[in-house]
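If you're wondering where the values come from, they're calculated on a predicted model, not measured in any experiment. Values below: every heavy atom of this structure, side chains too, minus hydrogens, waters and symmetry copies.
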Amino acid sequence: VRKFDVPDSQKVLDAKGLALRALELDPEFAQAWQMLATTYLAELTFNILDGEAAEENIRLAQQAATRATLLNPDLVGAWGTSANVDLERFEWDEAKFGIERAVQVRPGDADRQFSAGYFYTVVGWFADAIPALERSAELNPRDSVALSVLGRAYLSDGRIDDAIATLNQSIAVGYSAAYVNLSMVYLTEGNAAKAKSVLMDSWGSDSWFAEYTRWFGMEPVDYIDKMVEGYFDETLRDEYLRLLPVTEVKGLLVTGSMFLKNSEHLTRWLQENSYSSNLIITYLFAPPFRDMLNQPAMKDYFHSTGLPDFWRANKWPDFCRPVGDDDFECQDINGNYP
């Protein structure tokens, strides 16, 4: 489901139907079990499900991936899918094992390299993430999602020019979410005008966004102005929190919470939703939002995921460090610790 074009909810459902039909014909078809597991996870990514339904999909994805590995222990994709389930559950060691095993077996597979690179971005190891994501992009240069993740990794590693070039490449092959990543580059540079312009390119032409902002009596450009102004001026943030959407507009809710640096708002959403929380973590590791990791609500959330324990047992990201035996702190956008 992650090929040259950008998948959507209908494509995910179509793929799921094909996998189920294949298993009706042959219940021992390992590749069909793998595809079924992948579609269960993809339903989470594309916000088709949430709450208890999302938890059930995670369970079914693990069940299908396990069945695939039992039927064919050499089916590399099944190990990768199983590792992605582990990642959804914040089972860090298990995810690392499965992803790295799949890469060892098939290093020339673009999806395996992408999975490894994505995992390393989730745990903040950008020196490991970038080579894997570069290899994925080399093997599949039209994978817009991989290009977008690579661009965000470059940003998080301080490689601004590479980030801009790669994100523009992702946009050129059709991935609209790369605009948000590109706006983060301009936040890092302190360029409010460019950040606003890029967000208008992403959201300004969408009818759902205009409908939402007009509910507040605003045009899209005015709403984007306030979000970016709130990022740069903390005195405006409490006032602008009232402009954040209800939970049905999930992407905008999450992005707005980050722009307004409100960990309480964002962690409430993270705690109530069981899917793709690891994706939000990768955004928080980008320079514009790193200082949120030191806010009490976000720090408590990170402890609940077990990621600081994983860091302590393996290695710390370049921008975070241990504090005592059971705490941590992270740098701000300027590389300073609290």
_Minimum-distance pair of heavy atoms, taken over all atoms of Tyr186 and Ala195_ = CB-N, 3.7 Å

*Could you tell me whether Glu91 and Lys96 have a side-chain N and a carboxylate O separated by less than 4.0 Å?*
no

*Report the C-alpha distance between Lys261 and Asp291 in whole Å, list the side-chain angles of each, state the deciding distance to 0.1 Å, and finish with yes or no for side-chain contact (heavy atoms from CB on, under 4.5 Å).*
CA-CA 9 Å; Lys261 299 288 192 76; Asp291 57 343; 3.2 Å; yes

*Report yes or no: does Asp109 contribute a side-chain atom to a donor-acceptor pair with the main-chain N or O of Asp111 at less than 3.5 Å?*
yes

*Taking all atoms of both residues into account, what is the closest heavy-atom pair of Tyr223 and Met218, and its distance?*
CA-SD, 3.9 Å

_Rounded distance [0.5 Å steps], CG in Asp86 versus CD1 in Ile99_ = 8.5 Å

*Determine the minimum heavy-atom distance between Ser136 and Ala146, stating which atoms define it.*
OG-CB, 3.9 Å

*From Lys16 atom NZ to Thr38 atom OG1, the distance as rounded to the nearest 0.5 Å*: 12.5 Å

*Heavy-atom closest contact (Gly117 atom, Ala129 atom, distance)*: O-CB, 3.5 Å

*Have a look at Trp125 and tell me which of Trp92, Phe310, Phe285 forms a ring pair (Phe, Tyr, Trp, His ring centres under 6.0 Å) with it.*
Phe310

*Ignoring hydrogens and angles, tell me if any N or O in the side chain of Ser197 forms a donor-acceptor pair with the backbone of Ala193 under 3.5 Å.*
no

*Once you round to the nearest 0.5 Å, how far does CG of Leu199 lie from OG1 of Thr255?*
8.5 Å

_Same cluster (ILVMFWY, side-chain, under 4.5 Å), Val122 and Val149_ = yes

*What distance do Thr66 atom OG1 and Leu71 atom CG have between them, rounded to the nearest 0.5 Å?*
11.0 Å

*Check whether NZ of the Lys or CZ of the Arg Arg321 lies under 6.0 Å from the centre of the six-membered ring of Phe328 and within 45 degrees of that ring's axis.*
no

*Between Glu55 and Leu60, is a side-chain contact (heavy atoms from CB on, under 4.5 Å) present by the stated rule, with each step listed?*
CA-CA 9 Å; Glu55 291 286 356; Leu60 291 171; over 6 Å; no

*Ion pair check, Asp327 and Lys299, cut-off under 4.0 Å*: yes

_In this structure, would Leu18 and Leu23 fall into the same cluster of hydrophobic residues linked by side-chain contacts under 4.5 Å?_
no

_Quick check: do Arg59 and Arg89 have side-chain heavy atoms less than 4.5 Å from each other?_
yes

*asked:* Looking at every heavy atom in both Ala102 and Arg112, which two are closest together, and how far apart are they?
replied: CB-CD, 3.5 Å

*Backbone of Tyr120 reached by a side-chain donor or acceptor of Asp128 within 3.5 Å*: no

*asked:* Between Arg152 and Leu182 (side chain of the first, backbone of the second, donor and acceptor by atom type, cut-off under 3.5 Å), is there such a pair?
replied: no

_Heavy-atom donor-acceptor pair, Trp311 side chain to Gly306 backbone, under 3.5 Å_ = no

*If you round to the nearest 0.5 Å, how far is CG of Leu167 from CG of Leu150?*
8.0 Å

*asked:* Hydrophobic clusters here meaning ILVMFWY residues chained together by side-chain heavy-atom distances under 4.5 Å, can you tell me if Met298 and Tyr337 are in one?
replied: no

*Can Glu134 and Arg159 be counted as an ion pair, charged N to O under 4.0 angstrom?*
yes

*Check: Thr166 side chain, Ala163 main-chain N or O, donor-acceptor pair, under 3.5 Å*: no

*asked:* A side-chain contact here means heavy atoms from C-beta on lying under 4.5 Å apart; do Val180 and Trp203 qualify?
replied: yes

*Distance-only, no hydrogens or angles: does the Tyr118 side chain make a donor-acceptor pair with backbone N or O of Leu133 under 3.5 Å?*
no

*Min side-chain heavy-atom separation Leu284-Arg290 under 4.5 Å*: no

*Between the main-chain N or O of Ser170 and the side-chain N or O of Ser144, is there a donor-acceptor pair closer than 3.5 Å?*
no

_Validation row: Pro296, Ser263 side chains within 4.5 angstrom (heavy atoms)_ = no

*How far apart are the C-alpha atoms of Asp222 and Thr213, what are their side-chain angles, what is the distance that settles it, and do they pass the side-chain contact (heavy atoms from CB on, under 4.5 Å) test?*
CA-CA 8 Å; Asp222 298 322; Thr213 61; over 6 Å; no

*Starting from the C-alpha separation in whole Å, work towards a yes-or-no answer on side-chain contact (heavy atoms from CB on, under 4.5 Å) for Leu41 and Glu88.*
CA-CA 9 Å; Leu41 287 181; Glu88 288 286 344; 4.1 Å; yes

*Test salt bridge (Lys or Arg N to Asp or Glu O under 4.0 Å) on Glu189 and Lys194 and set out the steps.*
CA-CA 10 Å; Glu189 292 189 318; Lys194 286 288 288 185; over 6 Å; no

_Are Glu329 and Cys320 packed together at the side-chain level, in the sense that at least one heavy-atom pair is separated by less than 4.5 angstrom?_
no

_Can you tell whether the side chains of Lys226 and Glu229 come within less than 4.0 Å, N to carboxylate O?_
no

*So, for Val145 and Tyr175, which heavy atoms are closest and what is the spacing to 0.1 Å?*
CG2-CE1, 3.8 Å

*Asn336 (side chain) donor-acceptor with Asp332 (main chain) under 3.5 angstrom*: no

*Does Val221 share a hydrophobic cluster with Met227, counting links as ILVMFWY side-chain heavy atoms below 4.5 Å and allowing steps through other members?*
yes

*asked:* Counting neighbours of CD on Glu234 that are heavy atoms of other residues, nucleotides or ligands and sit closer than 6.0 Å, is the number greater than 12?
replied: no

*Enter the distance from Asn294:CG to Cys330:SG here, rounded to the nearest 0.5 Å.*
5.5 Å

*Greater than 12 external heavy atoms within 6.0 Å of Glu211's CD*: no

*asked:* Any non-hydrogen side-chain atom of Tyr240 less than 4.5 Å from a side-chain atom of Phe259?
replied: no

*With respect to Ser257, which candidate in Val254, Leu260, Leu253 satisfies the side chain to side chain contact (heavy atoms under 4.5 Å, CB included) definition?*
Leu253

_Does any part of the side chain of Asn181, heavy atoms only, come nearer than 4.5 Å to the side chain of Tyr283, both counted from C-beta?_
yes

*Quick one: does Asn57's side chain have a donor or acceptor within less than 3.5 Å of a partner on Tyr40's backbone?*
yes

*Got Met184 and Leu155 here, is their nearest side-chain heavy-atom distance under 4.5 Å?*
yes

*Is Phe97 linked to Leu70 within one hydrophobic cluster, defined over Ile, Leu, Val, Met, Phe, Trp and Tyr using a side-chain heavy-atom separation of less than 4.5 Å?*
no

